[in-house]
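Please read these numbers as outputs of a predicted model, since none were measured by experiment.
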Amino acid sequence: MKTLKTLDLDKVAAAIEADAGQALPGLRESLAEARDGHGLAHTPEQIVARRRGRPAGTTQAITKEPVKLRLDADVLAALRASGDGWQTRINDMLRASLRLGGLV
């Protein structure tokens, strides 16, 4: 496998543009940046070196408490069907309900 530094950028750009079926503005400049180590290109070594888990500095000042909550199956199915973030939406709905009831 060739490294980025030894690739012929014109050949790579021509192959990409042939696959796309059109000229792509800025392609050669982007490939040159990747070759020089700039931009968003990552080497396999950089990918392996990444740490797993939450990125540093992303913890909230106010943490949430895990609870066990029993919900009707249809309610839970509807919430999960709404996609990622459904637990956060439950929290937001409960907060809104408390505000309406004058409890918060």
Side-chain angles (χ1 to χ4, degrees):
M1 174 190 257
K2 291 185 176 183
T3 64
L4 287 176
K5 294 184 189 296
T6 60
L7 286 178
D8 183 347
L9 293 183
D10 287 324
K11 284 184 181 179
V12 173
I16 292 171
E17 289 175 337
D19 190 45
Q22 63 183 0
L24 300 172
L27 175 63
R28 284 166 178 75
E29 292 81 9
S30 296
L31 289 171
E33 285 179 7
R35 179 194 59 206
D36 297 337
H38 305 291
L40 299 176
H42 297 287
T43 64
E45 293 80 20
Q46 290 171 322
I47 294 169
V48 171
R50 286 186 182 173
R51 294 187 52 179
R52 295 184 59 156
R54 186 179 300 270
T58 61
T59 57
Q60 297 177 351
I62 301 172
T63 59
K64 295 181 180 180
E65 292 187 38
V67 297
K68 185 172 182 177
L69 180 65
R70 297 173 59 88
L71 300 172
D72 292 334
D74 59 332
V75 172
L76 184 58
L79 289 165
R80 284 183 174 162
S82 67
D84 289 341
W86 63 272
Q87 292 174 325
T88 300
R89 283 192 293 282
I90 289 174
N91 190 71
D92 295 342
M93 286 183 243
L94 289 170
R95 185 180 309 279
S97 178
L98 290 171
R99 283 189 186 127
L100 285 174
L103 300 172
V104 178

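Hydrophobic clustering (ILVMFWY, side-chain heavy atoms < 4.5 Å, transitive): Met93 and Leu103 are in distinct clusters. Val75 is connected to Leu69 through a chain of hydrophobic side-chain contacts under 4.5 Å among Ile, Leu, Val, Met, Phe, Trp and Tyr, so both are in one cluster.
Looking at every heavy atom in both residues, Trp86 comes nearest to Leu79 through CB-O, 3.1 Å. Leu24 approaches Glu17 most closely through the heavy-atom pair N-OE2, 3.1 Å. Of all heavy-atom pairs between Ser82 and Arg89, the closest is OG-NH2, 2.6 Å.
Expressed to the nearest 0.5 Å, how far CG of Leu98 lies from CG of Leu94 amounts to 6.5 Å. Expressed to the nearest 0.5 Å, how far CD of Glu33 lies from CZ of Arg28 amounts to 14.5 Å. Taking NZ of Lys11 as the reference point, atom CG of Leu31 lies at 14.5 Å (rounded to 0.5 Å).
In this structure, Asp74 places its CG atom where more than 12 heavy-atom neighbours from other residues, nucleotides or ligands lie under 6.0 Å away.
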